[in-house]
Amino acid sequence: MKQIILFFTAILFLATSCQNQSTTSNTSTLEGFADSLFQANVDSAQIAGGAILVYQKNKLLLDKSYGYASLELSTPMPADAIFEIGSVTKQFTAAAILKLVEERKLSLEDDFTDYLKYDTKGRIITINQLLNHTSGIPSYTEIPEFGSLMVQQFPRDSMLRLLEQKEFLFEPGEAMIYNNSAYFFLGLIIEKVTDQSYEEFLQETFFTPLGMNNTHYSSMTEVFKNKVYGYNYSPGGLQQKDYLNHLWPYAAGSLCSTTSDLLEWMKALHEKKLLSRDLYQSLVSPETLNDGTQIRYAKGLVNFSNFGHQSIAHGGGINGFLSETRYFPEEDLYIICLVNTIGPKGANYFAEEITWNLLDKIPAKAKQPDIDLKELEGTYTGAARGRNLSIVVKSDGDLITWQYLGRNNLDTLKTYIGNYRWMVDNDIICFKIGEFRMDNPYAYYIFKKDK
């Protein structure tokens, strides 16, 4: 009997040892990959520095910093560096609004002008439409005046007076164009309802209870330990970021944080510790347009199939900084990347590389087109983010080509998935009668065929 017990103990020890060796091997392989990836881009001056955190099934697989917090002082990136996180702020704003819904202080179906003075020219726009970028109000970061406004100091409601003079991009609920104005408005609504500043409400509701001691509203004057400098990439070398008054990014993009604080936030959020189950589902469930079309933006988060893997995510960009937060529910996987450089090798680039180092892409299955491609030819025009665009569509045998009018790049739609739809990476190009529709997790553009 004693021999049998010893035998099974030895087997259990061997299994545990192999499992630990496998975990250690996987972790060291991931670390080596990340080290090579980041160091190559620091050495080639693509980025000043960055931080990456990977957490899966209650295990920290990777938590490292690279490069420099200050190029001027040759200061290495500290272990818990504080970065500006840009539009990753939006998920905090959305969760704050849902906390107020939970407390019955407002409703998602309320007209936002119940709380703010704004001339919608007779249109009804709900708080929900602000949350999912379907209001049709132009984004203030895309208007010509913002270039000079972003360094100045005015009362925040002057932004409303400026925007209400602009034309709507589309009727509320008809399309989706990413909209910083909407989240600016949501910040004002939070302050109106709570009688607190936006940052005070977030501090009291989220940051303090979660122990997020390194997360705060960006300041142009206050000194924070481990807050890093931001830079811009240029072919001639990295440069200091442009000045920005943080009065304006506000509830759309003015928070600072660390990878470890963001992990605490994301775990609490997705483990449903911050919101009721129903409100959490509301937060992460993609919306529909007026015609019933499903988009892939929920509330401050996108939720879509990323090459076959459900991804609840959001990125951010602000002067000098790029950020990316990803949660894969089926794999219980969190990936958080922060970079202190605006340029082609941003946080999304590094998060992509890490993602597909850990997961396998599952491409869409292509079908043979069963439609007359000639009928889709033409020029389509419509509103996109910050501009109107025209797209020229032509057929070439069994393929469709398209390009933006006035540009040289020609794209071919190769992966037909049926019902007048093609996949281009994670984007979906769809044709409806007289329309070219571009479905991106962060946008749903509708271009009308020119007559």
Side-chain angles (χ1 to χ4, degrees), residues 132-134 136 138-139 141-142 167-171 173-179 286-297 302-308 311 313 315 317 344 346 348-349 352 356 361-451:
N132 60 40
H133 303 295
T134 63
S139 178
T141 49
E142 319 303 332
E167 294 295 324
F168 273 65
L169 301 178
F170 52 85
E171 291 303 309
E174 287 193 354
M176 178 205 155
I177 296 180
Y178 193 84
N179 190 337
E287 302 287 347
T288 57
L289 302 178
N290 293 343
D291 65 1
T293 298
Q294 180 95 59
I295 60 177
R296 291 184 279 176
Y297 202 95
V302 294
N303 188 346
F304 69 106
S305 176
N306 188 352
F307 288 104
S311 176
N348 182 69
Y349 165 78
E352 275 284 285
W356 305 122
K361 286 185 177 181
I362 305 172
K365 293 181 179 179
K367 299 180 179 180
Q368 186 68 23
D370 54 358
I371 56 179
D372 181 4
L373 300 183
K374 283 285 185 185
E375 68 182 40
L376 306 180
E377 291 186 339
T379 301
Y380 299 78
T381 302
R385 187 177 178 183
R387 62 204 184 282
N388 282 332
L389 293 173
S390 291
I391 293 172
V392 179
V393 175
K394 295 180 180 180
S395 62
D396 183 10
D398 289 336
L399 298 175
I400 286 282
T401 63
W402 66 283
Q403 67 183 134
Y404 291 110
L405 191 65
R407 300 185 189 176
N408 294 325
N409 291 347
L410 182 70
D411 291 305
T412 302
L413 300 179
K414 298 177 181 177
T415 308
Y416 182 67
I417 58 174
N419 198 26
Y420 290 85
R421 296 176 304 147
W422 281 260
M423 288 294 302
V424 182
D425 293 330
N426 280 315
D427 292 349
I428 301 172
I429 303 298
C430 174
F431 290 87
K432 290 187 177 286
I433 298 173
E435 293 179 347
F436 177 103
R437 296 188 170 203
M438 187 177 296
D439 177 5
N440 173 278
Y442 288 91
Y444 194 98
Y445 300 147
I446 300 177
F447 302 96
K448 303 284 186 179
K449 194 171 188 177
D450 295 353
K451 295 181 179 179

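All heavy atoms count here, side chains included; hydrogens, waters and symmetry mates do not.
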For the residue pair [X] and [Y], what are the closest heavy atoms and their distance?
X: Lys449; Y: Glu375; result: NZ-O, 3.2 Å
X: Ala366; Y: Thr415; result: CB-CG2, 3.9 Å
X: Ser395; Y: Glu377; result: OG-OE2, 2.7 Å
X: Asn179; Y: Pro138; result: OD1-O, 3.9 Å
X: Val392; Y: Leu405; result: CG2-CD1, 3.6 Å
X: Ile429; Y: Met438; result: CD1-CG, 3.9 Å

Hey, are the side chains of [X] and [Y] touching, using non-hydrogen atoms and a 4.5 Å cut-off?
X: Thr412; Y: Asp396; answer: no
X: Leu410; Y: Lys394; answer: no
X: Leu376; Y: Ile371; answer: yes
X: Ile428; Y: Met423; answer: yes
X: Arg387; Y: Leu389; answer: yes

Considering residues, nucleotides and ligands other than Lys361, do more than 12 of their heavy atoms fall under 6.0 Å from its NZ? yes
Considering residues, nucleotides and ligands other than Glu167, do more than 12 of their heavy atoms fall under 6.0 Å from its CD? no
Supply the atom-to-atom distance [X] [atom1] to [Y] [atom2], rounded to the nearest 0.5 angstrom.
X: Arg296; Y: Asn306; atom1: CZ; atom2: CG; value: 9.5 Å
X: Thr293; Y: Met176; atom1: OG1; atom2: CE; value: 13.5 Å
X: Asn409; Y: Asp411; atom1: CG; atom2: CG; value: 6.5 Å
X: Asn388; Y: Phe447; atom1: CG; atom2: CZ; value: 8.5 Å
X: Lys414; Y: Thr401; atom1: NZ; atom2: OG1; value: 12.0 Å
X: Lys448; Y: Glu435; atom1: NZ; atom2: CD; value: 3.5 Å

Ring centres of Tyr404 and Trp402 under 6.0 Å apart? yes
Parallel, tilted or perpendicular: which one describes the rings of Tyr380 and Phe436, with boundaries at 30° and 60°? tilted
Between Asp450 and Thr381, is a side chain to side chain donor-acceptor pair (under 3.5 Å) present by the stated rule, with each step listed? CA-CA 7 Å; Asp450 295 353; Thr381 302; 3.2 Å; yes
Check: [X] side chain, [Y] main-chain N or O, donor-acceptor pair, under 3.5 Å:
X: Asp372; Y: Lys374; answer: yes
X: Asn426; Y: Phe307; answer: yes
X: Asp425; Y: Asp427; answer: no
X: Tyr444; Y: Leu289; answer: no
X: Gln403; Y: Ile391; answer: no

Report yes or no: do Tyr416 and Asp398 form a side-chain donor-acceptor pair below 3.5 Å? no
Would you sort out whether Arg385 and Thr141 count as a side-chain contact (heavy atoms from CB on, under 4.5 Å), showing the intermediate values? CA-CA 10 Å; Arg385 187 177 178 183; Thr141 49; 4.3 Å; yes
